[in-house]
Protein chains: 2
Amino acid sequence: MESIDAVGPAPELVSDVFARACTSRAAFEDVTSRWSSLVLLALAEGPHRFGELRRRVEGVSERMLAQSLRGLERDGLVSRADAGTIPPRVDYELTGLGARVAEGLRGLADVLESAVPEIDRARLDYDAR
Amino acid sequence: MESIDAVGPAPELVSDVFARACTSRAAFEDVTSRWSSLVLLALAEGPHRFGELRRRVEGVSERMLAQSLRGLERDGLVSRADAGTIPPRVDYELTGLGARVAEGLRGLADVLESAVPEIDRARLDYDAR
DNA sequence: CGGTATCCACCAAGATACTG
DNA sequence: CAGTATCTTGGTGGATACCG
């Protein structure tokens, strides 16, 4: 008889963003959460210090930035380097995984940025109904 | 003298997701909002009826699904086709722009789904500190 | 079936103040 | 500079009930 689930490389199909209990769903929600996505986008341009990120991501509060950074660090997307000096200096940068995620986010942002006129028109049409 | 801003295609650089007031930032937040992203992902697999979407996107309530669909329709990412029959039948599908956005989202989901072991390990490490 | 209306709980998130 | 602590509030979103 033929062997069932015999050889072949790793399944890969065990993860599913649609599944509530899957880690990928949680990570997906982290990554797409309001401030984390913009933080990843900012870090895609290179390492940033806390204050630099705060200025780059318009509108984020210190609290939310710190919280977002903790979450991204926990998921292994961002690494934190504390110089241990006074005054303090902490640099944040993307990990390899973080860079791959940020790349996807960048693609998304590019599509949206170039579609602004189209979106504005669609909204006008919709709101006029 | 050389002409400044003479020829070349459209600037394209006027839009910026980092800018609070930019349409692209708003659209980016819509697209990455909790349920809308999963709805787009589901619709990337083909047109769905309301109930099908509700089952496909685990955990979404009727209220949130309806609300997400309105938002996506308003941004011109999803089109709604009401058959006008009784019992009602309404089909949702991606527009051209919606398809491009969903493609980006799919890439993101793929990265995350394949990185589940890596993320799980990172979380374990982080929580153990 | 495909929604809308209403009520309510929680927490995301802003403001402010303070510290190593 | 890089955060944490505390307080407060508005909005997100769940549950339920109802309608065409």
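Per chain, numbering begins at 1; letters A, B, ... match sequence-line order.
- Annotation: side chain of D16(A) is in contact with side chain of E113(B) (closest heavy-atom distance under 4.5 Å).
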Report all side-chain donor-acceptor pairs from residues 100-111 of chain B shorter than 3.5 Å, counting only partners two or more places apart or in another chain.
residue : atom : partner : partner atom : Å
R106(B) : NH1  : D110(B) : OD1          : 2.6

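- Evaluation of the salt bridge (Lys or Arg N to Asp or Glu O under 4.0 Å) rule for R80(A) yields D82(A) as partners, not counting sequence neighbours.
- Residues passing the salt bridge (Lys or Arg N to Asp or Glu O under 4.0 Å) test with D91(B), sequence neighbours excluded: R89(B).
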Practice item. Begin with the C-alpha distance, continue with both residues' side-chain angles, and end with the deciding distance and a verdict on side chain to side chain contact (heavy atoms under 4.5 Å, CB included) for F50(B) and V90(B). Key: CA-CA 7 Å; F50(B) 189 87; V90(B) 181; 5.6 Å; no
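- Judged as a salt bridge (Lys or Arg N to Asp or Glu O under 4.0 Å), and not counting sequence neighbours, D125(B) has no contacts.
- Screening residues 42-63 of chain B for side-chain hydrogen bond (donor to acceptor under 3.5 Å, both in side chains), with sequence neighbours left out, gives E45(B)-R56(B).
- With sequence neighbours excluded, no residue forms a salt bridge (Lys or Arg N to Asp or Glu O under 4.0 Å) with D120(A).
- Using a 4.5 Å heavy-atom threshold, the side chains of L43(A) and L77(A) count as separate.
- Annotation: proximity of residues 17-32 of chain A to DNA chain D (heavy atom, distance under 4.0 Å) is found for no residue.
- Legend: residues meeting side-chain contact (heavy atoms from CB on, under 4.5 Å) with T95(B), ordered by chain and number and at least two apart, are S79(B), L97(B).
- Between L65(A) atom CG and dC1(D) atom C1' there is a gap of 13 Å when expressed in whole angstrom units.
- Screening residues 30-40 of chain A for side-chain hydrogen bond (donor to acceptor under 3.5 Å, both in side chains) gives D30(A)-R123(B), S33(A)-S36(A) as the qualifying pairs, with residues at least two apart or on separate chains.
- Counting only heavy atoms from C-beta outward, the side chains of I119(A) and L112(A) approach each other to under 4.5 Å.
- When DNA chain C is scanned in the 5' to 3' direction for atoms under 4.0 Å from non-hydrogen atoms of chain B, the outermost contacting nucleotides are dC1(C) to dT6(C).
- Bending across the helix from dC1(C)-dG20(D) to dG20(C)-dC1(D), expressed as the angle between its end axes from five pairs apiece, amounts to 60° (10° rounding).
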Revision key, fill the gap. Per-nucleotide protein contact along nucleotides 2-15 of chain D, 5' to 3', at a 4.0 Å heavy-atom cut-off (B base, S sugar-phosphate only, - neither), is SBB-B------BBB
